[in-house]
Each structure stands twice: as C-alpha cells, then as structure tokens.
Protein chains: 2
Amino acid sequence: MRRSYGQYCGLARALDVVGDRWNLLIVRQLLMGPARYRELQDGLPGVATNLLTDRLRDLETAGVIGRRLAEEGNAIAYALTPWGAELREPVEGLIRWSTPLMTRGPGGDHFRAEWLVLPLSALLTGKPAANRSWTVGIAVDGVLVQVRTTRSGTEVSPHDGRDLDAVIRADAAIVLGLAAGVLNLDDTRALVDIEGDESALRAVFNPPTRS
Amino acid sequence: MRRSYGQYCGLARALDVVGDRWNLLIVRQLLMGPARYRELQDGLPGVATNLLTDRLRDLETAGVIGRRLAEEGNAIAYALTPWGAELREPVEGLIRWSTPLMTRGPGGDHFRAEWLVLPLSALLTGKPAANRSWTVGIAVDGVLVQVRTTRSGTEVSPHDGRDLDAVIRADAAIVLGLAAGVLNLDDTRALVDIEGDESALRAVFNPPTRS
DNA sequence: CCGCATCCTCATGGATACTG
DNA sequence: CAGTATCCATGAGGATGCGG
C-alpha cells in the first residue's frame with residue numbers, strides 16, 4: 001500500500017484503499033464479473049505483472065476483493081466482496097463526470113468494447129423509463145452490448161443471445177454521446193447504422209417525454 | 001500529470017485527470033469553497049509545497065479549477081470550475097463507501113472538524129425529510145457544524161450563527177456512526193452531550209418513519 | 001500455458017531549504 | 001505569502017525467470 005494520507009477523513013481513507021494506481025481499474029474489471037489473473041492482465045493494457053500482483057494482494061487485504069477457485073479447473077478467480085461491489089456508485093459517478101473527456105473520441109488510446117458496459121449503465125440508468133420494455137443491441141468494434149429497458153429500470157450487459165428489437169452500429173464516442181444526451185439520433189443519422197425498430201433506440205437514448 | 005493509462009474508458013480518463021495523489025483531496029478542500037494557497041496547505045497536512053503547486057497547475061490545465069484574484073488584497077484564490085464542482089457526486093460516493101473505515105475511529109490520524117461537512121452532507125442527504133424544519137449543531141473538537149433539515153432536503157455547513165434547536169457534542173466517529181445509521185441516539189447516550197430539543201436531533205439522525 | 005517472483009532502470013513523490 | 005530548487009527515497013514499468 002502506498003503511504004497513507006494519515007487523515008481522519010472519509011475521502012482520504014477511501015483513497016488509502018483504492019487510490020493507488022490501477023486499483024480502481026481493477027475494480028472496474030471485476031464489476032463486470034469475476035476474472036482470472038490473465039483476464040485482468042488482458043483488460044488492463046500496460047499494467048506490469050508485479051504491480052497487478054501487488055495490487056490484488058492489497059485489495060484482498062483491505063477486504064475489497066477475494067480469491068476463490070475458478071469454476072473450471074483449479075485456477076484462481078478474483079471477485080469483489082460485497083463491500084467492494086459498493087464501489088459501483090462512486091465509479092459510475094466518475095464515469096459520468098468524465099463524459100466531456102470521452103466525447104472527444106478515442107485518439108490513440110486502447111479500446112475494448114466491454115468497457116462500454118459500465119459507462120452505458122452509468123449514463124442510461126435513471127433516465128425516465130419507457131412505457132414498454134425494449135431490448136436493443138449496441139455494436140461497437142464488432143462487439144455487441146445489450147441494453148434492456150423496462151418500466152423498473154435499465155440494465156446493460158454483454159449480449160446474451162436474446163432477441164433484439166433493434167441494433168445500432170456506431171463509433172464508441174457516438175454511442176457515449178447519445179447515451180449522455182449530448183447527441184441525438186437525428187443529428188447523427190449519417191454516422192450510425194441502424195437495423196430493426198428505430199423507435200426502440202429512441203426509447204433507450206431519447207427519453208420519450210422530454211417537454 | 002502522471003503517465004496516462006492510455007485507455008478510451010471513462011474511468012481511466014477521469015483518473016488521468018484526478019487520479020494523481022492529492023488531487024481529489026485538493027478538490028475536497030475546494031468543495032467547501034474557494035481557498036488560497038496557504039489555506040490549502042493547512043487543510044492538507046503532509047503535502048509538499050512543490051507537489052501542491054504541481055497539482056494546482058495540473059488541475060488548472062485540465063479545467064477542474066481556476067485561479068482568480070482573492071476578495072482581499074491582490075492574492076490568488078483557487079476555486080472549482082463548474083465541471084470541477086461536479087466531482088461532488090463521485091467524491092460523496094467515495095465518502096459513503098468509506099464509512100466502515102471511519103467508524104473504527106481516528107487512530108493517530110490528523111483531524112479537522114471542517115472535514116465533517118462533506119461526509120455529513122453525503123450521509124444525511126437523501127434521508128427522509130422531517131415533517132418540519134430543524135436546525136441542529138454538531139460540536140466536535142470545539143468546532144460547530146450546522147445541519148438544517150427542511151421538507152425539501154438537508155444541508156450541512158459550518159455554523160453561521162443562527163439559532164439552533166439543539167446541539168450534540170461527541171467524537172467524530174460517533175457523529176459519523178449516527179449519520180450513517182449504524183449507531184442511534186439511544187445506544188450512544190453515555191457518549192454524547194446533548195443540549196436543547198432532543199427531538200430535533202432524532203429528526204436529523206433517526207428518520208421519523210422507519211417502519 | 002498460467003500465476004506469479006525477481007531484477008533493473010528511471011520517473012515520481014516527499015522533505016527541506018531557499019527566494020521574489 | 002506563494003511558490004522554486006534541490007536532493008534523496010520510493011514506486012512504476014519493462015524484461016525475464018520459474019515452478020506447477
């Protein structure tokens with residue numbers, strides 16, 4: 001663990017635990033589900049193996065993650081503890097805050113379509129619910145993410161094979177702009193490829209009752 | 001700025017901006033209002049002057065804070081930009097997450113009563129509103145923080161001199177436990193000193209309709 | 001292969017002294 | 001008061017080794 005701030009302040013103590021470099025990105029990966037060491041390394045381009053090991057130990061000691069035997073074979077899987085899973089709220093808060101940084105586009109940065117699951121969840125949750133259920137697919141870089149809106153809320157996940165009312169194919173920045181509400185479908189018509197029932201996409205991205 | 005993660009991911013880009021050591025603690029200080037260099041240094045025990053200067057420059061370049069002339073004299077004051085002020089949400093999320101780390105008590109850590117304003121705001125906001133307005137004082141280490149509940153919400157600030165319906169004097173850990181709902185007034189009777197209308201304190205700490 | 005541990009280099013952080 | 005300058009300790013990042 002990096003040197004403690006030594007302050008009796010909630011933010012300082014939270015950062016003593018998850019403020020070290022890579023820690024919150026490890027949590028991001030595990031918020032999408034348990035993962036093995038190799039999967040974490042793949043999802044965190046640039047992390048050194050010694051750092052990843054160190055951070056996993058630190059987070060385990062602090063009670064944020066746990067190690068257990070993976071489903072298949074006798075390998076190790078890492079997963080969030082219940083307390084660790086509660087980091088979803090501040091992590092999604094930071095993701096919402098980062099919207100101005102994301103709508104600039106990816107530049108030369110690494111990108112994995114799986115990284116869209118959390119931002120879409122953070123941005124779409126809390127929007128007014130549609131008057132019926134819709135399941136739409138968002139295709140970025142050949143990866144299909146699924147958004148399901150019901151009257152009780154919105155959930156985002158990798159595509160599980162179920163029927164989709166519509167699919168939109170676009171760049172990540174466009175998708176995030178649509179989800180954040182800084183872009184709308186009409187303005188981006190030339191930049192997106194739509195199949196299926198377009199009203200489903202409107203229900204997801206443009207809340208039905210705006211006025 | 002520390003080396004970028006180089007990931008087109010909202011969390012990674014947010015951390016590229018505010019993930020460096022001390023950055024979020026500087027934001028914490030500025031969430032309580034604009035401050036001068038000296039005040040920041042005082043509120044961040046242990047920070048080296050070169051680091052504070054570096055971080056202030058980084059945050060200014062990124063658009064999180066701004067410099068302007070202070071009210072008095074020709075000194076410089078630092079303040080959050082509108083975008084920087086939006087960090088309140090993720091910061092309060094981290095503070096709420098840190099509750100288990102805080103109820104252990106301060107240990108040997110530095111403590112300033114002003115640091116209670118944000119946690120109390122994060123923990124008390126969103127609790128069911130009382131059926132009338134109350135203004136209570138919370139005295140820790142001789143510093144008086146004021147909590148005002150109205151039907152429209154709860155606001156926390158340093159005491160501004162107005163009349164208080166009640167005052168509670170206790171250790172910081174007790175106060176945070178009460179605000180987080182892991183302690184209640186009846187269990188901590190021996191550890192707190194109460195003046196004034198106790199029902200005002202119950203309205204603030206123990207939501208009126210629990211069942 | 002997977003899951004690390006070790007070694008090495010260099011950038012960064014921290015403490016202190018100093019200056020316009 | 002509001003920072004610079006300097007020095008040293010620490011941590012990050014990359015390469016490689018190695019047991020199961």
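Residue numbers start from 1 in every chain, and the chains themselves are labelled A, B, ... in the order their sequence lines are given, proteins ahead of strands. The basis for the numbers below is simple: all heavy atoms, side chains too, and nothing from hydrogens, waters or symmetry mates. Nothing here was measured: the structure is a model prediction, and the numbers come from that model.
Residue Leu51(A) contributes atom CG, which lies 14 Å from atom P of dT12(C) at whole-angstrom precision. Going from atom CZ of Arg3(B) over to atom C1' of dG13(C) covers 17 Å, rounded to whole Å. For the pair Leu25(B) CG and dG13(C) C1', the computed distance is 15 Å after rounding to whole Å. For the pair Arg21(B) CZ and dA9(D) P, the interatomic distance rounds to 18 Å; values are reported in whole Å. As a whole-Å value, the separation of Leu44(A) CG from dG13(D) P is 12 Å. Between Asn23(B) atom CG and dT12(C) atom C1' the separation is 14 Å, expressed in whole Å. Atom CG in Asp58(B) sits roughly 13 Å away from atom C1' in dG13(C) (whole-Å rounding). Taking atom CG of Leu52(B) as the reference point, atom C1' of dT4(D) lies 13 Å away to the nearest angstrom.
Annotation: cation-pi geometry not satisfied between Arg67(B) and Tyr37(B) (NZ/CZ under 6.0 angstrom from ring centroid, within 45° of ring axis).
The pair Asp54(A)-Arg57(A) fails the salt-bridge criterion, with no side-chain N (NZ, NE, NH1 or NH2) lying under 4.0 Å from an Asp/Glu carboxylate O.
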Could you go through residues 112-121 of chain A and list every donor-acceptor pair under 3.5 Å that involves a side-chain atom there, pairing it with any protein atom two or more places apart or in another chain?
from, atom 1, to, atom 2, distance (Å)
Arg112(A), NH1, Asp42(A), O, 2.6
Arg112(A), NH2, Asp42(A), O, 3.4
Glu114(A), OE2, Gln29(A), NE2, 3.3
Trp115(A), NE1, Gln29(A), OE1, 3.2
Ser121(A), OG, Glu92(A), OE2, 3.4

*What does nucleotides 1-8 of chain C look like as a protein-contact string, B for base, S for sugar-phosphate only, - for none, at under 4.0 angstrom between heavy atoms?*
-SSBBBB-

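Within 6.0 Å of CG on Asp163(B) lie no more than 12 heavy atoms contributed by other residues, nucleotides or ligands.
Side-chain nitrogen and oxygen atoms of Trp22(B) include none within less than 4.0 Å of the OP1 or OP2 phosphate oxygen of dG13(C).
Identified under the side chain to side chain donor-acceptor pair (under 3.5 Å) test for residues 175-184 of chain B, with sequence neighbours left out: Asn184(B)-Asp187(B).
Side-chain atoms of Arg68(A) never come within 3.5 Å of backbone atoms of Ala79(A) as a donor-acceptor pair (strictly under, hydrogens ignored).
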